[in-house]
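Computed from a predicted model, the values in this text were never measured in an experiment.
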Amino acid sequence: MSEFDRENEDVFSLVRENRRRSDLAPVIGYIVPMKQAQSYAAYEAAQARNGSGIGSLILVAVGLLVTVTVTVLALA
């Protein structure tokens, strides 16, 4: 916990506990060191590339099926 958070934790807790005021200060983002932000961005990019593997495989299979079907119909 940062020094700012420690100094202001009582104020933050009062705002969080009060339902009417809990939406006054929504969390916009977090301050992180540049190295950690770059590491997280690299991780997210790798996940995006790896996560689309099954989708790409299905797309290639459908493309192959269409190509074979068109070829068979053209030769028939």
Side-chain angles (χ1 to χ4, degrees):
M1 185 178 278
S2 70
E3 182 180 344
F4 177 80
D5 290 339
R6 276 183 261 130
E7 290 175 353
N8 296 306
E9 183 58 36
D10 56 339
V11 175
F12 293 151
S13 65
L14 287 173
V15 170
R16 277 188 228 115
E17 290 171 7
N18 189 341
R19 290 183 185 260
R20 290 183 306 140
R21 296 185 181 180
S22 63
D23 294 331
L24 287 177
V27 175
I28 296 173
Y30 298 97
I31 298 173
V32 296
M34 180 64 88
K35 187 174 182 177
Q36 186 177 359
Q38 289 172 343
S39 172
Y40 183 71
Y43 171 77
E44 287 291 316
Q47 289 296 86
R49 277 192 307 258
N50 293 338
S52 65
I54 298 208
S56 296
L57 184 62
I58 291 172
L59 186 60
V60 168
V62 169
L64 182 62
L65 180 64
V66 168
T67 302
V68 169
T69 303
V70 168
T71 304
V72 168
L73 291 175
L75 293 175

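- Just one of V72, V66, V70 meets the side-chain contact (heavy atoms from CB on, under 4.5 Å) condition when paired with V68; it is V72.
- Judged by distance alone, the side chains of Y40 and E44 do bring a donor and an acceptor atom under 3.5 Å apart.
- Remark: the backbone N or O of T67 is paired with a side-chain donor or acceptor of T71 at under 3.5 angstrom.
- Atom CG of L64 sits about 11.5 Å away from atom CG of L59, to the nearest 0.5 Å.
- The number of heavy-atom neighbours closer than 6.0 Å to CG of L73, taken from other residues, nucleotides and ligands shown, is above 12.
- By the criterion of side-chain heavy atoms lying less than 4.5 angstrom apart, applied directly or through intervening Ile, Leu, Val, Met, Phe, Trp or Tyr residues, M34 is not grouped with Y43; the two fall into different hydrophobic clusters.
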